[in-house]
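All residue numbers in this chain count up from 1 along the given sequence.
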Amino acid sequence: GDKLEIEGKYSDAQAAYETALQKAEAIGHARARLKARIDIAEAIARQESDRPRAKELLNACLTELISKPDPERRDRVLYLLGFIAMGEGRIMDAKSLYREALQGARARSDRFDEGTYLVGVAHAEEMFGNLGEAHRLLDEAADIYRAEHRNLSRDSKARAATNLGGCYGEKATVHRHEGKWIESLACLTEAEKWFRESKSEDNLAHMLFLKAEALLGDSQWKPGLTALAEAFSIFDKLGNTRSMLRCYDLRARAAFQTNHWEEATGLAVAAIQLAKAAASPREQVEALGQAAALCREYDIPEKATEYLAEAKQLAIQHQLTDVLVRCLQSEASALSGEQNKAQRDGLLREAISHLEALLLQTEIKGRRAYYMAEIGELFGRLGDLVEARSWVEQALKNYEEIGDVGGVANSLGSLA
């Protein structure tokens with residue numbers, strides 16, 4: 001299970017951990033049962049799947065650790081609960097849990113765990129828009145891992161190199177929020193170097209994907225596609241379907257931007273086939289939505305309608321509100337002419353109501369700003385420019401608070 005998790009095969013790792021848990025329970029091995037529960041919860045959290053079960057397992061572990069103290073495992077449980085809270089948009093809870101784990105690691109003088117939990121706190125600060133503090137915490141974690149890398153054995157050096165790569169990857173994200181593309185790309189290149197040293201293939205592939213995204217966003221097509229091809233190859237070898245779909249999406253968008261329409265559509269169809277064979281409902285909806293958008297642009301309306309209808313049905317069936325909103329927007333975009341106005345407006349108002357519900361569910365300022373901007377755009381499409389301006393101004397305020405330069409620029413463009 002541990003080996004599979006390192007390779008990014010979280011569902012396979014979970015299956016191994018479930019077997020370990022069954023065996024531990026059968027022989028009454030309390031410590032093995034505790035480890036298996038924590039490992040299962042982490043595998044679930046990494047898949048972003050059954051969060052209620054992950055929280056149930058972790059809370060049961062916390063209760064057990066009261067009577068059978070194990071500070072190291074308790075800190076890990078707190079960290080994972082923080083990771084789940086972050087994914088749910090509960091940033092204050094996540095930050096509190098990360099800080100409690102960090103205090104525990106420092107009390108135990110565990111430098112590796114201290115670095116890990118510093119990165120967690122930094123991510124929370126980033127989500128709150130405190131980008132300077134996020135950089136400071138990440139630099140502190142990087143200093144820890146550099147020192148450990150210099151002084152440790154060969155195996156521990158690899159672990160330190162992996163964690164150091166993670167620090168630089170997170171710094172790249174913070175720089176990106178600041179609109180500092182050159183600094184972001186430099187951090188991604190540094191992260192790539194450390195992941196190659198540690199032979200951490202899953203992490204390397206993720207970093208190559210982010211590097212490709214940055215390069216393609218800067219119209220550096222050849223190096224961008226080279227990095228993306230290597231990332232896809234690694235994900236394919238590891239069997240990481242979710243990340244392969246992200247690669248397909250990025251490749252399709254790049255083909256679309258360079259006017260290779262037929263290639264873009266072919267890639268979108270390949271993504272649908274892969275998603276239906278081995279991906280989650282969310283990933284299937286996203287692949288279908290991407291294909292529908294490309295088919296509409298490529299003037300294949302029948303296929304666009306077919307893909308979009310299937311995507312919408314899946315989104316409703318699995319209560320995927322955020323992707324359902326995108327389906328509704330796409331469906332409305334396909335309806336032109338005065339005769340379709342009532343149906344089009346109904347779809348846009350339905351999308352607005354879903355976005356308003358999502359807005360109430362998250363503390364992440366960047367996500368809130370995005371939802372506000374989307375609501376503003378939809379009111380604009382409805383012709384209610386006063387309401388549209390109000391929402392875009394709220395989005396602008398949030399983007400300014402967190403220093404998201406791209407968000408600020410988009411909001412100013414919408415206001416203009």
Side-chain angles (χ1 to χ4, degrees), residues 8-11 44-51 87-89 173 202 205-206 208-210 212-213 216-217 228 231-232 235-236 238-257 261 263-298 300-301 303-334 347 350-351 354-355 357-358 361-362 364 366-367 370-371 373-374 377-378:
K9 299 177 182 177
Y10 298 117
S11 60
I44 291 171
R46 300 293 179 190
Q47 295 173 80
E48 300 178 13
S49 53
D50 190 358
R51 285 182 178 138
E88 293 176 334
T173 302
D202 184 58
H206 281 292
L208 286 166
F209 175 85
L210 292 173
E213 196 172 38
L216 293 172
L228 186 60
F232 184 89
F235 287 135
D236 189 17
L238 296 176
N240 189 331
T241 302
R242 182 179 184 184
S243 295
M244 289 168 69
L245 287 170
R246 291 176 68 206
C247 290
Y248 267 130
D249 177 59
L250 187 57
R251 282 175 62 198
R253 283 190 281 119
F256 175 80
Q257 289 167 345
W261 302 87
E263 180 187 358
T265 308
L267 288 165
V269 171
I272 290 175
Q273 293 170 343
L274 175 62
K276 288 184 174 180
S280 69
R282 172 179 290 276
E283 289 151 357
Q284 291 179 46
V285 173
E286 289 173 346
L288 286 161
Q290 171 70 5
L294 287 170
C295 285
R296 186 176 296 115
E297 291 291 340
Y298 195 47
I300 315 176
K303 277 292 180 184
T305 302
E306 176 190 332
Y307 291 145
L308 189 57
E310 190 175 351
K312 185 179 175 183
Q313 183 181 358
L314 272 172
I316 293 170
Q317 179 184 343
H318 295 279
Q319 299 181 330
L320 302 170
T321 307
D322 54 337
V323 286
L324 174 59
V325 166
R326 294 202 292 273
C327 290
L328 291 167
Q329 289 175 284
S330 296
E331 191 175 358
S333 297
L347 291 166
E350 184 182 349
H354 286 307
L355 285 168
L358 288 170
Q361 296 169 16
T362 182
I364 301 173
R367 195 177 297 171
Y370 173 78
Y371 292 149
E374 286 288 290
E377 181 189 338
L378 293 174

Which atoms form the tightest heavy-atom contact between Met244 and Phe235, and what is the distance? CG-CB, 3.7 Å

Once rounded to the nearest 0.5 Å, what's the spacing between atom CG of Leu267 and atom SG of Cys247? 11.0 Å

Which residues pass the side-chain contact (heavy atoms from CB on, under 4.5 Å) test with Arg282, sequence neighbours left out? Ser280, Glu286, Leu320, Asp322, Val323

How long is the straight-line distance from CD of Glu88 back to CD1 of Ile364, given to the nearest 0.5 Å? 10.5 Å

Minimum-distance pair of heavy atoms, taken over all atoms of Ala275 and Ala287: CB-CB, 4.1 Å

Closest non-hydrogen atom pair, Leu378 against Ala351: CD1-CB, 3.8 Å

Counting only heavy atoms from other residues, nucleotides and ligands, does the tally under 6.0 Å from CZ of Phe209 exceed 12? yes

More than 12 foreign heavy atoms under 6.0 Å from CD of Gln319: is that the case here? no

Is it true that, when you exclude Gln313 itself, more than 12 heavy atoms of the residues, nucleotides or ligands shown sit nearer than 6.0 Å to its CD? no

Taking C-beta and beyond as the side chain, do Arg367 and Gln361 meet within less than 4.5 Å on heavy atoms? no

Listed pairs under 3.5 Å, donor-acceptor, residues 303-310 side chains, sequence neighbours left out:
residue: Thr305; atom: OG1; partner: Pro301; partner atom: O; Å: 2.9
residue: Glu310; atom: OE1; partner: Lys276; partner atom: NZ; Å: 3.4
residue: Glu310; atom: OE2; partner: Lys276; partner atom: NZ; Å: 3.0

Between Asp202 and Asn240, which heavy-atom pair has the shortest distance, and what is it? OD1-ND2, 3.4 Å

If we only count heavy atoms from C-beta on, is the Lys312 to Leu328 side-chain gap below 4.5 Å? yes

Could you go step by step and tell me if Gln329 and Glu377 meet the side chain to side chain donor-acceptor pair (under 3.5 Å) rule? CA-CA 11 Å; Gln329 289 175 284; Glu377 181 189 338; 4.8 Å; no

Nearest atoms (heavy-atom pairs only) where Ala231 meets Leu208: CB-CB, 3.9 Å

Atom pair CD1 (Ile272) and CG (Leu245), whose distance is rounded to the nearest 0.5 Å: 10.5 Å

In Å, rounded to the nearest 0.5 Å, how long is the span from OH of Tyr248 to CD of Glu283? 14.0 Å

Distance (rounded to the nearest 0.5 Å) between Glu331 CD and Leu347 CG: 4.5 Å

Value rounded to 0.5 Å, distance of NE2 in His354 from CZ in Arg326: 13.5 Å

